[in-house]
> 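Okay, handing you the structure first.
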Amino acid sequence: MPELPEVETIAASLRRRTVGLEIAGIDLYFPGLLRGDAAELAKYRGKKITGVLRRGKMLLITCGANHHLLFHLKMTGGFQWAKKGARRDAYTRLRITFKDLERSLLFRDVRKFGFLRCLETGVPLDSAELSRIGPEPLEITKDDFSRILARRKGRLKSLLLDQTFLAGIGNIYADEILFAARVHPLTPASPLRLKQAERLRAAIREILRKAIAAGGSSIRDYQDADGMDGLFQNEHNVYGRKGEPCPRCGAKIRRLVIGGRSSFFCPRCQRIRSRRSSEGTSQ
DNA sequence: GCCACTGTTAGCAT
DNA sequence: CATGCTAACAGTGG
C-alpha cells in the first residue's frame, strides 16, 4: 500500500488533526507490532504531539524533543479514527487515545508486517532505522544523484526499489517513473549507459510530485487517516495494465518479473538503449 | 481446495 | 560489498 506519496498524504492528514493533542494512553493489541520494550509506550502518556513527519516510507510522530513514535506501514498498515465505544476489528493493532477527545486513533495492519519503534533521542533522523536509508528522492540534487547512480550496477527497476539508494519509491511508482523516463526496467544502472540520469531524476520528481498532489494511489484499500482515497491510480500509465494499450504509443503493455516484483512497461516506448547507437532517439 | 498474486523488506545465499 | 531470492502474513480472485 503505502509508498512515499501515500505516507506523505497520511502524514499530512495526521498532522492536521493531532498536532497539539495530548496522548492519554496507547493500547497495543498485537505485541509483534512493537520493536523494543513494551514499557516504553507508557512514557507517552501525557505527552503532546508536536509534529508528524515522513522519511522514506516511514512515519514519525513526534512528542517534544526526545520522544518519537516511528511507524513503518509496510504493505497494509494505515491509520483510522474511531468513535468512542466502537469495537475494534481483528486488524486493529494499536490505539492511541487523547485527552479531551472523543475519537481515538487506530493503527490497522492486515498483514502484520508493519512495525512501531519508540525513539528517545533528540535527533530521530540519526536513529538506526532512519539513517541507513538513502536520500529523499524529491530533495536529492543533480550532482548527488549522478554520483550515487555511478556507484551502482544492476537493473534500474531493482535500484529504484532499493531504499538505500533512494528512500520511498515502491513498486507502483518505480514502474510509472521508468515509463515517464522512457527507460526499460532492465536497463543497467551504469552511468555510462545512463547519460539520461537527469531524465530519470526528472521523472522521479514529476511522478512523485503529481502522486502527492493526487493524494496517492488507492488500488486496493489505501486511504489516508481521514478515510480519503487517493486519485493517482487514475493517472497510472503502466502499473497493473498488462495487455492494455500504451497511452503513448498503443503498443501492448507487458509484464515481467524483475527481482521478484511485477514490472509493467511499454516494450516500444521503453527500449533498452545501447550506449552508442540510439542516445536521443527515444521515440 | 489450490495456486498465483499483492503496495515491503530482512535475512540469507551467491 | 553488491545483487538476487524467499519468507514473514493475510487476503483476494481465477
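Chain identifiers are assigned alphabetically (A, B, ...) following the order of the sequence lines, protein sequences preceding nucleic acid strands; residue numbering begins at 1 within each chain.
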> For the side chain of A:Y239, counting heavy atoms from C-beta on, which of B:dT6, C:dT3, B:dT8 is nearest?
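Of the candidates, B:dT6 comes closest.
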> At under 4.0 Å, does any side-chain N or O of A:R261 touch on OP1 or OP2 of B:dT8?
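True: A:R261 side-chain N/O within range (under 4.0 Å) of B:dT8 OP1/OP2.
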> Of all the choices, C:dC9, C:dC5, B:dT8, which nucleotide is nearest to the side chain of A:R111 once you look at every atom?
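Nearest to the side-chain atoms of A:R111, counting from C-beta on, is C:dC9.
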> Which of the following nucleotides, B:dT8, C:dA10, C:dT3, is nearest to the side chain of A:M75?
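Out of B:dT8, C:dA10, C:dT3, the nucleotide with an atom closest to A:M75's side chain is B:dT8.
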> With A:Y239 as reference, evaluate A:F232, A:F264, A:Y173 under the ring pair (Phe, Tyr, Trp, His ring centres under 6.0 Å) test and give the passing residue.
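Result: among A:F232, A:F264, A:Y173, A:F264 is the only option passing the ring pair (Phe, Tyr, Trp, His ring centres under 6.0 Å) with A:Y239.
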> Check the orientation of A:H72 and A:F115. Use parallel for under 30°, tilted for 30 to 60°, and perpendicular for over 60°.
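The arrangement is tilted - the two ring planes meet at 30° to 60°.
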> Tell me, please, which residues at least two apart from A:F179 pass ring pair (Phe, Tyr, Trp, His ring centres under 6.0 Å).
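Not a single residue meets the ring pair (Phe, Tyr, Trp, His ring centres under 6.0 Å) criterion with A:F179.
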> Under 4.0 Å between a side-chain N/O of A:S262 and OP1 or OP2 of B:dT6, yes or no?
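Result: yes.
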> Tell me whether A:R95 forms a cation-pi arrangement with A:Y29, defined as NZ or CZ under 6.0 Å from the six-membered ring centre and within 45 degrees of its axis.
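No, A:R95 and A:Y29 do not form such a contact.
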> Specify the separation, in whole Å, of atom CG of A:D162 and atom P of B:dA10.
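To the nearest whole Å, that distance equals 11 Å.
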> Looking at residues at least two apart in the chain, or sitting in another chain, which of them share a salt bridge (charged side-chain N to carboxylate O under 4.0 Å, His left out) with A:R117?
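Once residues adjacent in sequence are excluded, the partners of A:R117 under the salt bridge (charged side-chain N to carboxylate O under 4.0 Å, His left out) criterion are A:E129.
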> Using whole Å, what does the distance between atom C1' of nucleotide C:dA2 and atom CZ of A:R152 come to?
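In whole Å, C:dA2 C1' and A:R152 CZ are 8 Å from each other.
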> Calculate the interatomic distance between A:D175 atom CG and B:dT6 atom P; express it in whole Å.
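Nearest whole value for this atom pair: 11 Å.
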> Which is true for A:R132 with a 4.0 Å heavy-atom rule: it touches a base, it touches only sugar-phosphate, or it touches nothing?
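Counting heavy atoms under 4.0 Å across all strands, the contact made by A:R132 is with sugar-phosphate only.
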> Between C:dG4 atom P and A:R155 atom CZ, what is the distance in whole Å?
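Nearest whole value for this atom pair: 4 Å.
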> Between B:dT9 and A:Q163, is there an OP1 or OP2 to side-chain N/O distance shorter than 4.0 Å?
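Yes, such a contact exists.
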> Using a 4.0 Å heavy-atom cut-off across all strands, classify A:E6 as base, sugar-phosphate, or nothing.
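Result for A:E6 = nothing.
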> Starting from C1' on C:dT12, measure out to CD1 on A:I219 and report it in whole angstrom.
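It works out to 14 Å between those atoms.
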> Within the structure, does a side-chain N or O atom of A:H72 lie under 4.0 Å from either OP1 or OP2 of B:dT9?
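Yes.
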> If the threshold is 4.0 Å, N to carboxylate O, is there a salt bridge linking A:E235 and A:K210?
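Judged by the 4.0 Å cut-off on N to carboxylate O distance, A:E235 and A:K210 do not form a salt bridge.
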> For DNA chain C, please output the secondary structure as dot-bracket, reading 5' to 3'. Pairs are Watson-Crick or G-U wobble, both atom distances under 3.5 Å; mark crossing pairs with [ ], other-strand partners with |, unpaired with a dot.
.|||||||.|||||
> Closer than 4.0 Å, any side-chain N/O of A:K57 to the OP1 or OP2 of B:dT8?
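Answer yes for this pair, as a side-chain N or O of A:K57 is under 4.0 Å from OP1 or OP2.
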> Could you report the tightest heavy-atom contact between A:I258 and A:P185, atom names first, then the distance?
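For A:I258 versus A:P185, the nearest heavy atoms are CD1-CB, 3.6 Å.
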> Think A:R93 has a side-chain N or O under 4.0 angstrom from the OP1 or OP2 of C:dA10?
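No, no such contact exists.
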> In terms of the nearest nucleotide of DNA chain B, which residue is placed more toward the 5' end: A:I172 or A:F115?
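Of the two residues, A:I172 wins.
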> Using atom C1' in both nucleotides, what's the gap between C:dT12 and B:dT9 to the nearest angstrom?
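Looking at atom C1' only, C:dT12 and B:dT9 are 22 Å apart.
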> Heavy atoms under 4.0 Å, any strand shown: does A:D221 hit a base, just sugar-phosphate, or nothing?
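Since a base atom lies under 4.0 Å of A:D221, the category is base.
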> Can you confirm if the NZ or CZ of A:R93 lies within 45° of the ring axis of A:F30 and under 6.0 Å from the centre of its six-membered ring?
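Yes.
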> Report the distance from atom NZ of A:K112 to atom C1' of B:dT6, rounded to the nearest whole Å.
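Computing the A:K112:NZ to B:dT6:C1' distance gives 18 Å.
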> Have a look at A:Y222 and say if it touches a base, only the backbone sugar-phosphate, or nothing, with a 4.0 Å heavy-atom cut-off.
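Base, at least one base heavy atom under 4.0 Å.
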